[in-house]
Protein chains: 2
Amino acid sequence: MSLPIPGNPVRGSKSGQPIMALFDLLGRNWAMGIVWHLSKSPSTFRQLQAYCESVSPTTLNLRLKELTESHFIERTVNGYTLTEWGKQLFDLLEPMGKFAKGWAGKFK
Amino acid sequence: MSLPIPGNPVRGSKSGQPIMALFDLLGRNWAMGIVWHLSKSPSTFRQLQAYCESVSPTTLNLRLKELTESHFIERTVNGYTLTEWGKQLFDLLEPMGKFAKGWAGKFK
DNA sequence: TAGCACTGCTACAAATAATGTAGCAAAATA
DNA sequence: TATTTTGCTACATTATTTGTAGCAGTGCTA
C-alpha cells in the first residue's frame, strides 16, 4: 500500500484532495491509535507494540514509516514522538475522546 | 468483521475504551469519507458509490450498515443522512479539512 | 400495462492488507 | 564478555477490499 500523498491520486480520490489523503492515511489500521498514544509520551517500538495490543510488528513498522514520511511523527533518542504537525493533528483528534464517551452511552 | 461496540473488546483494545471503538469504526475503509460526504447532502447508495470512486458495493454496504448500527447515519426517503450523533461527529472531522490543506503544503 | 431505466443491493473470485509467530542483528546493560 | 532489550524482517495464515456481474423492486413513460 503506497503512501497517500495529497495532490496525488489516493485510495478513493483521483484528485488527491488533501482531506482524502489524510483520511486514507489515518484510516489505516492503528494509525490514529499510534498518534493518540504518542501524544501521551514518546514511545519505543516495543512500547507501542504493547499499547496496541494486537498489532503485528509488520503492520506497526509500516504505519510508523508512513506516519514518519507524512511528517506526523519522527524518531528521536527517546523513541518515536509527534512532530509539530503531529501535535496539531492530535489536537483535532483529542476532542473525539470526550465525544466517544458520550457516544458509548448509546450502547448501554 | 464485527461492529466495534464501545465497552466490548474491539480490534486492538480488550477494554473496549470508547475512543478505541470509535477509531476502529472510523478507521475502516471509507467510513470517514462517507460521513464527510453525507455532511454535504443526503445521498443515495449510488451517489455514495460515485463519490467514493473506488469503493466496492460490498464494502459500501457493509460500512453503511456499521454506521447505521453505530447511530451515526440513518436511511430516510432522501437517502442516507447523518443523525444528530453523525452531525456532531462531522463537527469534529470538519476542522481536518483545513488542517489537511496546510499539511498538503509539506509535499510540494 | 409492457417496456425501460434506475436503485439498492448480493455473489463471488481475485487482489490486497493485517495478524501471529519466529527469530535475528545491533545496542544497551550487567 | 554474557545477557537482555530493542527494532525490526520473514513468511505463512487469515481477514478485508476490490471488481465485476447481475438481480429484484420501484417508478416512469409510451
Side-chain angles (χ1 to χ4, degrees), chain A residues 1-5 8-14 20-21 23-38 41-70 73-82, chain B residues 1-5 8-14 20-21 23-38 41-70 73-82:
Chain A
M1 188 160 49
S2 64
L3 190 71
I5 302 282
N8 292 347
V10 295
R11 285 195 305 189
S13 175
K14 288 167 189 157
M20 285 302 137
F23 282 172
D24 185 358
L25 181 70
L26 294 182
R28 295 173 184 189
N29 238 357
W30 288 109
M32 289 189 286
I34 290 169
V35 171
W36 190 266
H37 183 62
L38 290 185
S41 68
S43 306
T44 64
F45 189 94
R46 298 258 168 168
Q47 286 174 322
L48 282 169
Q49 248 188 313
Y51 169 71
C52 304
E53 300 166 25
S54 67
V55 74
S56 66
T58 316
T59 302
L60 178 57
N61 188 232
L62 185 55
R63 260 339 65 87
L64 289 173
K65 279 181 185 168
E66 291 166 358
L67 289 171
T68 300
E69 288 178 47
S70 306
I73 69 175
E74 63 192 346
R75 203 176 158 190
T76 70
V77 288
N78 299 314
Y80 290 96
T81 61
L82 293 185
Chain B
M1 188 162 48
S2 63
L3 189 71
I5 302 283
N8 292 348
V10 295
R11 285 195 305 191
S13 175
K14 287 166 192 159
M20 284 301 137
F23 282 171
D24 184 359
L25 181 71
L26 294 182
R28 296 174 184 189
N29 237 355
W30 288 110
M32 290 190 286
I34 290 168
V35 171
W36 189 267
H37 183 60
L38 289 185
S41 68
S43 307
T44 64
F45 189 95
R46 299 259 169 170
Q47 285 174 321
L48 283 169
Q49 248 188 314
Y51 170 71
C52 304
E53 299 167 26
S54 67
V55 75
S56 66
T58 317
T59 301
L60 178 57
N61 188 40
L62 185 55
R63 264 331 70 87
L64 289 173
K65 279 181 185 168
E66 292 166 357
L67 289 171
T68 300
E69 288 177 46
S70 306
I73 68 175
E74 63 191 346
R75 202 176 158 191
T76 70
V77 289
N78 299 314
Y80 290 95
T81 62
L82 293 185

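Here is the naming used below: chain letters follow the sequence lines, and residue numbers restart at 1 for every chain.
Taking atom CZ of residue B:R28 and atom P of nucleotide C:dA17, one finds them 18 Å apart after rounding to whole Å. We find that CD of B:E66 is positioned 13 Å from C1' of D:dA15, with the value rounded to whole Å. Atom P of nucleotide C:dA18 and atom CH2 of A:W30 are separated by 12 Å, given to the nearest angstrom. Counting to the nearest Å, the C1' atom of C:dA26 and the CZ atom of A:R75 are 11 Å from each other. Rounded to an integer number of Å, the gap from A:Q47 CD to D:dT5 P is 13 Å. Atom CG of B:L25 and atom P of D:dT16 are 14 Å apart (whole Å). The distance from atom CD of B:Q49 to atom C1' of D:dT20 is 12 Å, rounded to the nearest whole Å. Spacing between atom CG of A:D24 and atom P of C:dA17 amounts to 10 Å, rounded to whole angstrom units.
Pairing each heavy atom of A:M20 with each of B:G33, the nearest pair is CE-CA, 4.4 Å. The shortest non-hydrogen separation linking A:W30 to A:E53 is CH2-N, 4.3 Å. B:S41 approaches B:S43 most closely through the heavy-atom pair O-OG, 3.0 Å. Closest approach of A:L26 to A:A31, counting heavy atoms only: O-CB, 3.6 Å. Considering every non-hydrogen atom in both B:L60 and B:V55, the closest pair reads N-CG2, 3.8 Å.
With D:dC8, D:dT18, C:dT19 as the choices, the nucleotide that has an atom nearest any side-chain atom of A:Y80 turns out to be D:dC8. Checked against C:dT19, C:dT7, D:dT6, the side chain of B:T44 finds its nearest nucleotide in C:dT7. Among the nucleotides C:dG20, D:dG7, C:dA18, the one closest to the side chain of A:L62 is C:dA18. In this structure, of D:dT17, C:dG23, D:dG22, it is C:dG23 that holds the atom nearest to the side chain of A:R46.
When each of B:G27 and A:S43 is assigned the nucleotide of DNA chain D with its nearest heavy atom, A:S43 is the one assigned upstream, toward the 5' end.
Between A:N29 and C:dT19, a side-chain N or O to OP1/OP2 separation shorter than 4.0 Å is present.
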Review item, nucleotides 9-11 of chain D N/O atoms under 3.5 Å of protein N/O:
unit_1 : atom_1 : unit_2 : atom_2 : d
D:dT9  : OP2    : A:N61  : OD1    : 2.4
D:dA10 : N6     : A:T58  : OG1    : 3.3
D:dC11 : N4     : A:T58  : OG1    : 3.1

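Listed by chain and residue number, A:Y80 satisfy the side-chain contact (heavy atoms from CB on, under 4.5 Å) test with A:R75 (two or more places apart in sequence, or in another chain). By the side-chain contact (heavy atoms from CB on, under 4.5 Å) test, A:T76 pairs with A:E74, A:N78, A:T81, sequence neighbours left out.
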